[in-house]
Amino acid sequence: MKVTKYSGELVHYDEQKLINSLRKSGADKAVAETIVKKIESELYEGIASKKIYKLAFQLLKNISNAHAARYNLRTALMGLGPAGFFFEKFIAKLFQEQKFQTKTNISLTGKCISHEIDVVLKKEHTIAMIECKFHSGQDAKTDVKVPMYILSRFNDVKDRKHHLFMPNETISDCIIVTNNRFTTDAIQFGECSGLKMWSWDYPLKKGIKDIIDLYSVYPITCLTTLTQIEKDKLLILDCITVKDLVANSSILNKIELSHNRIKNVLKEANQLLS
């Protein structure tokens, strides 16, 4: 059986890969295998991987909103667009959870020109700049031109002193973050140049998806009990993560949800964080 990926490429259907992704969402083995059997009864030659994903998501949602929310994580990251401004804020939240100080969207004067920096972070004596490359397409990849360009920006600001968290601080590291993946050339160039690269699944077992699960810092966009319009309203109110929502649940009154809706949203949110 062949499956059509987002890119149009035909690949063999992989039952174990589907089971693993369902288990990763929190479903137990029996539930995952039951869902896979239901999906396989609807498979046909050349079926779109997007359709398989939608079937799995709906079947998971019927069992647990929290499982569906985890399964929906990669799509949820794309929901932080279209410009990527909220993605930058989300990345800052991930580092804050790791005890970094962070600032977003700041302007720094380099040796040659001024630069808008997406995120700066600090822990102890290490200060790094983060440049985020956001993609709204599932199969889009960050190619080698991006680290080449960002390296030149890093070189322009790293030797100057800046008022970041305190006066007269210098930037020692540069991190490139994307919500999708890097090409092989991009990773090779970045590593060779001393840049740190961070994507959906890179570095191995330490990618964005792994850090999100490790620290339970889920984007508000993964919740299945909210509409896209409601999620957009929360993002504008600077409610970026599910933890933000649980810590300030009264914000749901501001987007005019009914009492029962608020109860359902918070139930999903707490289950997701448990």
Side-chain angles (χ1 to χ4, degrees), residues 19-29 31-32 53 56-57 60-61 63-81 84-102 104 119 121-123 128 130 132 134 175 177-181 196 198-226 228 230-235 237-252 255 257 261-274:
I19 289 174
N20 290 344
S21 66
L22 292 167
R23 294 295 307 278
K24 182 74 172 176
S25 75
D28 62 31
K29 184 179 179 181
V31 168
Y53 165 80
F57 175 76
L60 266 180
K61 193 173 185 297
I63 297 167
S64 166
N65 286 330
H67 291 352
R70 288 192 190 93
Y71 189 74
N72 191 43
L73 186 54
R74 193 171 176 197
T75 301
L77 287 181
M78 290 191 288
L80 294 170
F85 172 69
F86 296 117
F87 177 66
E88 295 164 14
K89 287 196 165 191
F90 176 73
I91 293 301
K93 294 277 186 180
L94 278 181
F95 279 96
Q96 287 169 20
E97 198 69 23
Q98 299 171 68
K99 309 304 180 184
F100 284 88
Q101 298 178 65
T102 68
T104 58
V119 185
L121 55 86
K122 179 180 181 179
K123 182 188 280 189
I130 298 179
C132 298
F134 180 81
I175 307 170
V177 179
T178 180
N179 61 311
N180 271 8
R181 293 184 169 97
K196 296 178 181 178
W198 201 31
S199 74
W200 171 249
D201 54 6
Y202 180 87
L204 183 64
K205 296 184 179 180
K206 293 182 180 179
I208 292 175
K209 65 178 181 180
D210 303 297
I211 302 302
I212 287 173
D213 283 333
L214 179 62
Y215 291 97
S216 296
V217 185
Y218 297 98
I220 199 75
T221 46
C222 73
L223 293 177
T224 66
T225 47
L226 290 168
Q228 187 58 53
E230 289 163 350
K231 293 172 186 177
D232 290 342
K233 288 179 179 178
L234 288 171
L235 289 171
L237 291 171
D238 207 36
C239 182
I240 309 297
T241 71
V242 176
K243 284 189 175 183
D244 292 336
L245 178 63
V246 171
N248 182 24
S249 59
S250 62
I251 200 169
L252 292 172
I255 62 171
L257 265 61
R261 289 283 316 284
I262 290 175
K263 184 178 178 181
N264 289 335
V265 171
L266 292 178
K267 179 181 177 181
E268 179 185 12
N270 284 295
Q271 286 178 345
L272 189 57
L273 298 179
S274 64

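Both backbone and side-chain heavy atoms feed into the values below; hydrogens, waters and symmetry mates do not. Residue indices begin at 1 and follow the sequence shown.
We find the CG-OG distance between Leu245 and Ser250 to be 9.5 Å, quoted to the nearest 0.5 Å. Put simply, NZ on Lys233 and SG on Cys239 are 14.0 Å apart, with the number rounded to the nearest 0.5 Å. With rounding to the nearest 0.5 angstrom, the NZ atom of Lys243 is 15.5 Å from the CG atom of Asn248. Rounding to the nearest 0.5 Å gives a distance of 10.0 Å between CD1 of Ile130 and NZ of Lys196.
Side-chain contact between Ile251 and Asp244 is absent, with no heavy-atom pair separated by less than 4.5 Å. Here the side chains of Tyr218 and Asp213 are in contact, with some heavy-atom distance below 4.5 Å. Between Lys24 and Lys209, every side-chain heavy-atom pair lies at or beyond the 4.5 Å cut-off. Looking at Ile240 and Leu235, their side chains come closer than 4.5 Å, going by heavy atoms from C-beta outward. Side-chain contact between Asn65 and Asn264 is absent, with no heavy atoms from C-beta onward closer than 4.5 Å. The side-chain heavy atoms of Ile208 and Ile91, taken from C-beta on, include a pair separated by under 4.5 Å.
Contact between Phe134 and Leu80 at its shortest, heavy atoms only, is CZ-C, 4.0 Å. Minimum heavy-atom separation, Glu230 to Thr225: OE1-O, 4.4 Å. Counting all heavy atoms, side chain and backbone alike, Leu237 lies closest to Ile255 at CD1-CG2, 4.1 Å. When all heavy atoms are compared, the tightest approach of Trp200 to Asn179 is CB-O, 3.5 Å. Contact detail for Thr224 and Ala68: the closest heavy-atom pair is CG2-CB, 4.0 Å. The shortest heavy-atom contact between Arg261 and Leu226 is NH2-CA, 4.0 Å.
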Could you check Val31 against Leu22 for side chain to side chain contact (heavy atoms under 4.5 Å, CB included), going step by step and ending with a plain yes or no? CA-CA 9 Å; Val31 168; Leu22 292 167; over 6 Å; no
Let's go through Phe86 and Ile220 carefully: what are the C-alpha distance in whole Å and the side-chain angles of both, what is the deciding distance for side chain to side chain contact (heavy atoms under 4.5 Å, CB included) to 0.1 Å, and is it a yes or a no? CA-CA 11 Å; Phe86 296 117; Ile220 199 75; over 6 Å; no
Determine, stepwise, if the pair Ser249 / Ile262 fulfils side chain to side chain contact (heavy atoms under 4.5 Å, CB included). CA-CA 8 Å; Ser249 59; Ile262 290 175; 5.9 Å; no
Start with the C-alpha distance between Glu88 and Thr104, add both sets of side-chain angles, then the distance that settles side-chain hydrogen bond (donor to acceptor under 3.5 Å, both in side chains), and finish with yes or no. CA-CA 7 Å; Glu88 295 164 14; Thr104 58; over 6 Å; no
Could you walk me through whether Val177 and Val119 pass the side chain to side chain contact (heavy atoms under 4.5 Å, CB included) check? CA-CA 10 Å; Val177 179; Val119 185; over 6 Å; no
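Checking side-chain atoms of Lys231 against main-chain N and O of Thr221 turns up a donor-acceptor pair under 3.5 Å. For Gln96 (side chain) and Thr102 (main-chain N/O), no donor-acceptor pair under 3.5 Å exists by modelled atom type. Proximity of a side-chain donor or acceptor of Gln98 to a complementary backbone N or O of Leu94 within less than 3.5 Å is detected. A side-chain donor-acceptor contact under 3.5 Å links Arg70 to the backbone of Leu272. Between the Asp210 side chain and the Gly207 main chain, a donor and an acceptor come within less than 3.5 Å of each other. Looking at Asn72, its side chain never comes within 3.5 Å of a backbone N or O of Thr75 through a donor-acceptor pair.
Within 6.0 Å of the NZ atom in Lys123, the count of heavy atoms belonging to other residues, nucleotides or ligands exceeds 12.
Remark: Arg181 engages Asp201 in a salt bridge, criterion side-chain N to carboxylate O under 4.0 Å. Ion pairing between a basic and an acidic side chain is recognised when a charged N comes within 4.0 Å of a carboxylate O; Lys89 and Asp238 show such pairing.
Ring-plane geometry between Tyr53 and Tyr71 is classed as parallel, the angle between the planes falling under 30 degrees on a 0 to 90 degree scale with a further cut at 60.
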